[in-house]
There are 2 protein chains.
Amino acid sequence: MPQEWDDTLRASGYRVTPQRQLVLEAVSRLEHATPEEIYADVRQTARGVNVSTVYRTLELLEQLGLVAHSHLFHGAPIYHLATQAQHVHLVCHRCGQVTEVDRAAVLPLVTALEEAEGFQTDVGHLTIFGLCAGCRPAAPPLGQVSATA
Amino acid sequence: MPQEWDDTLRASGYRVTPQRQLVLEAVSRLEHATPEEIYADVRQTARGVNVSTVYRTLELLEQLGLVAHSHLFHGAPIYHLATQAQHVHLVCHRCGQVTEVDRAAVLPLVTALEEAEGFQTDVGHLTIFGLCAGCRPAAPPLGQVSATA
DNA sequence: TTACGTGCAAAGTCTTTGCAACCAT
DNA sequence: ATGGTTGCAAAGACTTTGCACGTAA
C-alpha cells in the first residue's frame, strides 16, 4: 500500500502538498535518514522547501503511521517508512554500519519478554547495538569504548 | 568493585576530584538519569558545580567504563552505572515506565543474532520499546502514537 | 472562498568549547 | 611546583514556534 499515502492524508483531514510528497519520497529513497539528510535530499528537487517544514511533515507523517523513527546514533533520530518498520536495526559500535534483520530474528526475544514480563515489544522501534561480523574480534571481550586518554 | 572508582581514575592518569565523585554518586543514586537530572542532583550537594563539568565528567566516566548510557526517550541520553549495565531497559510507550530485566531475558535474542548475522550484541546498551504489562490492552493492535490532529 | 500549510526568522533546548584560575598529585 | 580540572560564558547543533502569505480543496 505505499501508493495511497495521499488518501491517508486526506482521510485524516490533511492536505496533500508537494512538500509532503517530497519528504515522503525522500524517506522512502534514503531508507534510513536523519531530518537533516531528508532536508538535503528534498532540497535537491525543490530548493524552496524549509527545514521547519521537513520537521513538521515528519511529525505529521509519523502521527499518521506513514513513517517511523528510531534513535540509532547520538541525538540523531532516523526516519524510515512505516511499511519497513517491522525490521530490526543492528548498529555496529565500531564501523557504524546499520544492518536490517527481519523481525523473525527477534521472535525469541519477543516471546521471552512476553512471558517473563508481560511486555509487548514494539519490534519496529528496536535498535540493537553491538559489533557486526566484520568488526568483532576473534575472541571478543564485549569491551566498553576504548579510552583515548 | 563499586568502591575502587578512584583507583580506576588514577590508574588511567586522571585526578580524583569532588566533582567526579559527586557525579558518580548521582548516577549511582538516580540509577537512570539524564545529564540534566544528574546536574540537579549534584547541585543539591555542591552548588558550585557547573553543567559543563557534568558533561565532561560523564564523558570521562564512560570512557573509563564506570558509567554507560542508553537512549531511552526522545533525544535524552540516560546514564547508569556500568556495573548495572548488564541489564536491558524496557520502556513503555504509553506510561513511560522503565523496567529493568536481567540479560538472561534476552539471551535467546543474543544467540539468534550471533548465529544468523554474526552480530555480537551489546546487551548493556539495549533498550526495548513497547507496552508494559499494565498499559497493554487486552487485544493490542501494536498501534502507532495516536494522532492528535 | 476558507483555513490549512509553508517560508522565514527568531527563539529554545541541549551540549560543547576556549580560556584563565584552581587544586590534586 | 605543575599540569590536569573546573567555572564561566559564549558558541554550536538541532529543533520548535509565531506570523503573514500562499494554496489545496
Side-chain angles (χ1 to χ4, degrees), chain A residues 5-27 33-43 45-64 66-67 69-79 147-149, chain B residues 5-27 33-43 45-64 66-67 69-79 147-149:
Chain A
W5 63 275
D6 47 344
D7 290 335
T8 304
L9 276 181
R10 274 187 275 258
S12 303
Y14 297 104
R15 293 180 182 173
V16 176
T17 69
Q19 288 89 338
R20 285 172 179 170
Q21 173 164 27
L22 286 167
V23 169
L24 195 52
E25 283 175 0
V27 172
T34 63
E36 192 184 352
E37 290 167 339
I38 294 167
Y39 174 52
D41 185 275
V42 164
R43 286 209 126 196
T45 304
R47 291 233 287 87
V49 180
N50 194 273
V51 211
S52 57
T53 300
V54 171
Y55 279 101
R56 284 188 282 225
T57 301
L58 286 172
E59 186 182 358
L60 175 65
L61 295 178
E62 184 154 34
Q63 270 185 17
L64 296 177
L66 293 172
V67 308
H69 80 272
S70 347
H71 296 282
L72 269 54
F73 306 107
H74 173 86
I78 303 283
Y79 285 83
T148 323
Chain B
W5 63 275
D6 47 343
D7 289 334
T8 303
L9 276 182
R10 274 187 275 257
S12 303
Y14 296 105
R15 292 181 182 173
V16 176
T17 68
Q19 289 90 337
R20 287 174 177 170
Q21 173 163 28
L22 286 168
V23 168
L24 194 52
E25 282 176 1
V27 172
T34 63
E36 191 184 355
E37 291 167 339
I38 294 167
Y39 175 53
D41 186 275
V42 164
R43 285 209 126 196
T45 304
R47 289 233 289 88
V49 180
N50 193 273
V51 212
S52 57
T53 300
V54 172
Y55 279 100
R56 284 188 282 225
T57 302
L58 286 173
E59 186 183 358
L60 175 65
L61 294 179
E62 186 156 32
Q63 270 185 16
L64 295 178
L66 292 171
V67 307
H69 80 273
S70 346
H71 297 282
L72 270 54
F73 306 106
H74 172 86
I78 304 282
Y79 284 83
T148 324

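Reminder, nothing fancy here: chain letters follow the sequence lines and each chain counts from 1.
- Heavy-atom nearest nucleotides on DNA chain C were determined for B:P35 and for B:V16, and the one closer to the 5' end corresponds to B:P35.
- Between C:dT16 and B:S52, no contact under 4.0 Å exists linking OP1 or OP2 to a side-chain N or O.
- Using a 4.0 Å heavy-atom criterion, one finds that B:V51 contacts no nucleic acid atom at all.
- Residue B:R56 is in base contact, counting any heavy-atom pair closer than 4.0 Å across all strands shown.
- Here the side chain of B:P18 is nearest to one of D:dT5, C:dT6, C:dA24, namely C:dA24.
- The distance between atom CG of B:L60 and atom C1' of D:dT6, rounded to the nearest whole Å, is 13 Å.
- Between the CG atom of A:L66 and the CG atom of A:L58 there is a distance of 11.5 Å, given to the nearest 0.5 Å.
- For C:dC23, neither phosphate oxygen OP1 nor OP2 lies less than 4.0 angstrom from any side-chain nitrogen or oxygen of B:T17.
- The side chain of B:R20 contributes an N or O atom lying less than 4.0 Å from OP1 or OP2 of D:dT5.
- Take the nearest nucleotide of DNA chain D for B:R43 and for A:N50: the residue whose nucleotide is more 5' is B:R43.
- Taking atom CG on B:D7 and atom P on C:dT25, their separation rounds to 11 Å, with Å as the unit.
- Atom CG in A:D6 sits about 9 Å away from atom P in D:dA25, given to the nearest Å.
- Phosphate contact (OP1/OP2 of D:dG7, side-chain N/O of B:Q19, threshold under 4.0 Å): present.
- The backbone N or O of B:H69 sits less than 3.5 Å from a side-chain atom of B:E62, completing a donor-acceptor pair.
- The nearest whole Å value for the distance from the NE2 atom in B:H69 to the C1' atom in C:dT15 is 13 Å.
- For A:R15 against C:dG5, a side-chain-to-base donor-acceptor contact under 3.5 Å is absent.
- Pairing each heavy atom of A:Q63 with each of A:Y14, the nearest pair is OE1-OH, 3.9 Å.
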Task: Criterion side-chain contact (heavy atoms from CB on, under 4.5 Å) on A:V27 and A:L61, from CA distance to verdict - done: CA-CA 10 Å; A:V27 172; A:L61 295 178; 5.6 Å; no
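- One can place CD of A:Q21 at 16 Å from C1' of C:dT6, the figure rounded to the nearest angstrom.
- Between the CZ atom of A:R10 and the P atom of D:dA24 there is a distance of 11 Å, rounded to whole Å.
- Distance CD (B:E59) to P (D:dT6): 12 Å, rounded to an integer number of Å.
- Residue B:L58 contributes atom CG, which lies 12 Å from atom P of D:dT6 at whole-angstrom precision.
- Here the options are B:D6, B:T8, B:D7, the test is side chain to side chain donor-acceptor pair (under 3.5 Å), and the partner is B:R10; only B:D6 passes.
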